[in-house]
Structure formats: C-alpha cells, structure tokens
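Any value given below was found using the heavy atoms of this structure, including those in side chains, with hydrogens, waters and symmetry copies removed. In listed order, ligands and their atoms are each counted from 1.
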Amino acid sequence: MGSFIITNSRTCLKHLCPLLRRPLYHQRAPQKNNQPSNHPYCTKGERRPSEFHGTKHRDFTPRDRTSFPKSVFAAGNARRTAEILKRKSGADQDRDQDPDQVSTGSLKGRAAFTAQIPDRALSVSEWRDLKSSSSRPERFELRMMEGMLADTEADISVAKSLLNYVAAENGTLPYELLLKYLALCVSGGHHSEVSDVYDIMKSCFKTLDTGAYSLFVKGLSHTERWREALIILEDIKKVITPSSRNYGDAVTGAVLHGDRETAWRLYGELMDQGLMPNQETWRCLFESGVSQRAHKDELLAILTYMRENQIYPEEKLVRSIKAWFESLPDENWRGKFTSVDPGGVCRSCGTELESIQLTEEEYNQLKHRVMEDVIEGRDVFNKTTPEELESFKSFVQKRPAFDVVIDGLNVANITPKCVKSETLLAVVSALQGLNVLVLGRKHMQQPSRNWNRHDMNQIKQKAHCFFTENISEDDPFLLYAALHSGNHCNFVSRDLMRDHKACLPDSATRRLFFKWQRGHQLVLSNFIPGKKIRFQRTSRYDTIVQSHGKTWHVPYDEDGGERSTYEVPQRWLCLSNDV
Ligand SMILES: [Zn+2]
C-alpha cells in the first residue's frame, strides 16, 4: 500500500496534535499471562463408583453417579485439573527457570518494549530524540504504534503526537501506520478520531483493504455516521463475503440508533450467508426487543438455533435473554439462575430435563443420516482411499458389535511423560471384558521409543485393532465402527468431527449427533500411570437449550469459567410462565 500526501490532510491532522502534559517516560508493568494449558483427560481424584478398575463392568448408566454431581464434564474442571497437576508436578517452577520458554520469552520482550512507549504526547523533536536513542530505529514508528495497540490503557494522544511527528518528518503518513492508528482508535472506542481517519483515508485512497473496511464498519457503527458503515459493508461485499463480525457491527449500529428493521434485515442477510452469528450480535437483538412484541418469533428462533448447533450463551447474553422474556407484555415470564440436580430435575421449577439417551427412533435416524451422508460422502474420506474404507468396513462387519471404540493416538497422548504404547495398553487393559476396537495408525506398529513392540503385541491380544494409513483421519472410522455396533457402543476420544461439522447434513442431524456424542463419550477421569484408570461418562440429562411450552431452560457459561470442548456448563437459566 502507498502513502498519501500530507498536505491534503494537514487540517485534519492539526487537531490530532495533542498538548504536552505529563513527564516523559513511564515504566509499564508486563501483562499477566493467564492461559493455563488444559489437560483434558484428567481430573482430581474424586471417588466415583462407576469406574472400571479393570473389572468387567459393562454398565455405564448414570444412576450410579448421582452422588457425584461434579462431573468430569463440568465446565472448568479441565482447567482446575490442569492447575492441580501442574502444582503436583512442580511444572510452575520448571517453567520459571526455563528462559527458552516461548511464553515467558515473549512476555519479557513485550515488557521491555512497552517500557519504551512514552506515557504522554511528545513534540516532534522529542520523538526525534527518542527514535535516535532507540537501539532499533528500523520500523520504529510502526513498532511504537503496535506497542500502543497491545496496551489496553494506551493514551490516544501519544499516538496522535506520533502521527504528527511522522507527518512533519516525511510529509506523508504510510498507509500501514495509519491503519494501526485506526485499529487503536476503534479498539479504544475513540469515535470522533475514527470519523476523522475515515475522512482522511477516503480522500486519499480510492479503495481500502478489507481490514480497514472492517475497522470502519465497527468504528462508525457507534457514531451518528452509522449509515455510512452500511455503505462500507456493501463495498466489502464487492470483494469478499463480509464476516459475521462485520454484520454484527452493522447490526449493533442499527440497534444503537433505534433502527430495528435494518438490524433484522442485516441479521437475516448474515444467516442467509450461512455465517455463525456471534453472541454480541444476539445480545444486541435481545436488548433491542425488550418490552416489544415485534420480532418475537425471530428472537425465539435464535434460541432454537443455539439448541440445534449446541451453543451455550455466555452470562451477558443469558441476562439479556432473561430480561427480554420478563419484559414481554402480558406474558408473565419469570427467570431464575439455577442448577440441575444429578437426576436431571431443575432445582428452580422441578421440571425434568431432556434425557441424554437417544430414543430408538432418533438413533436409527442418526445412524442412517451419518452412514449415508457422512461416511459415504466424499468430504470426510478425502484423506483415505476407497480401498482402505472398504477394507475397514469389511473388518468391522466380520466382527461382533464393539462395546467401546478407542481413538488410539488420542488416548496414547494423554500423558506426555509416558511411553505412548504403555498408556494405550493401560487403557485397553482397563477395559478388559469388553469387546474393544482400537483405531490406530500404521506407524504405531513400527517399534520406536514411543511404540514398544511388546506393548503393541499385548494390545493386539486384548483388543481388535485396525491401523489406517498415516494420513487418514480417525473420526469417520470411529463414527462408522461405533454406529455400526449399536446404541450401546461408547467411544474414547477427546473431540469428534471438529472439522467435519459442516458434513452433517441438516440441523436435526447435527443436534442428534451432538447428543449422541455427549451420551456415548467416555473420558478418562483419573489416570495415574502404572496405578489406576477411571472412566466417566456425561450425566443422564442433556445439557442443551430446551423448551416445554411453559418453560425454557437455557444452560449458560458463567463469567470467568473456562470450559474445555467436551465439558458442559453447570449453570442454567430457568424461565417459567405459570400464570
Ligand atoms: Zn426450571
């Protein structure tokens, strides 16, 4: 991208020039790194009666577990477990002592850099001095702007003075620098500055890149010029499909300025494009509907969409949903934040929630759709050959129905410190007495440090094994084997179909698939190498948005809770309409 001649916009930039105020330098504290790594297969050592202990338990029914409501599937459990394990293993200390760790390294780098950013606006000569004293003068201005962008408390006047300096030195402002400044204005909510930059860029560049357009849609939506954001959206459409974020920002602009019809038209367009709306957009729409009869069906359709796509609202959104229901004229809805007892009964209204078990009819429907559209469809199996697929099918058909299907690679990687084949053997041994299928890759059969020949031979004695080509994907094989075996068959794997959700043909099948997954997934809830292995399965009720006419039950993610993909929320919004 080029740069533009400053004479065009000197008047605009003039009022970007700040006054000098505070002392020159300011040390900033480094940001805290709060991203613990999740370790999804372990949990703290709660006793659970439903565990295998290497015995011949076939029964996975949830009634055994009623006295242990804090399931391994409970939101936040993975994070808590990871922290406990880290403390136990002293990993915290290890990391602090290791200077090569990527996370600590980049943290130090950022801290050193933010320390350079002045905490007040500088004059042209002060910026010049700062640059000449910098150990890295190359791309100095860009790095300064990036530094401010990374700092949530950045002072916009410092950025303005930097632009002023660059303009004075060069007579032009590079596009890249201006774009970073725009990003800073948008993220900081400096609306009038966004408006100024828009005028500057529009007058100097014929077209902008989609990144700039996106920033303007977001920035302008909050101003009186929100309708111009809609024009920009049209410009984006000429190049690419706008993102759901773009649409969401435009919806927000329309709602903020009281134009509900435009908001819903944009939302309809977003849905027609097959985009996944974000929760902020939904929140905006629910809030715009408070005390309104209009658009009731569309708002209820959002709840149905969440149900079909296995989406849980965040706390902010669920509060808006509650407020909207309670505001509906003459409908007398009351909402309560509550939990559900282990038997699946709402603690607030006593309603029994939907069972996690698929009915015979639902199971057959799912099996039929998945077998026909997913397994036979080309998409999923584009990483395998028709020959491999055929040989797998006949392998499955020649054997009695499996009780458990194991994703071998996934399970072998549970504890990074152990030899992989040893972990896999331990899991297979714990399932003795059941008809087990282990899905693996061909490379696992070649003896190596991770794949011990003796372990692999033992695994082959205890379970049926099928080894796919090294490039094949496991999910479809696992699905085929499990569904072919019947409704009793469970599986051990972390996640399924993450990349293949689009292959599920329709929303009803998606809903059934997610339900089947939640009801048939076994998670290793306690694994201490060489000692004990425990499995746990999800609860007896289905954690999903649901309604029975006079009630709605909406599971939601609490603020600050971190949920691993296989975990489900534990908090519910109960809405009832008892007149
Ligand atoms: Zn209830």
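- The count of protein N, O or S atoms under 2.8 Å from the Zn ion (ligand 1) stands at 4, with waters excluded from the count.
- Remark: E298 engages no residue in a salt bridge (Lys or Arg N to Asp or Glu O under 4.0 Å) (not counting sequence neighbours).
- Pairs of residues two or more places apart, or lying in two chains, that qualify as ring-ring contact (aromatic ring centres under 6.0 Å, His included) and include a residue from residues 337-362 are F337-Y556.
- Taking the six-membered ring where the residue is Trp, W333 and F325 present perpendicular rings, their angle passing 60° and hence far from 30°.
- Listed by first and then second residue, the salt bridge (Lys or Arg N to Asp or Glu O under 4.0 Å) pairs involving residues 262-285 are K237-E269, R265-E269, E280-R283, R283-E287 (not counting sequence neighbours).
- Summarising the geometry of D542 relative to R518, their closest heavy-atom pair is OD1-NH2, 2.5 Å, with the distance given to 0.1 Å.
- One finds the CG atom of N490 at 8.0 Å from the NE2 atom of H488 (value rounded to the nearest 0.5 Å).
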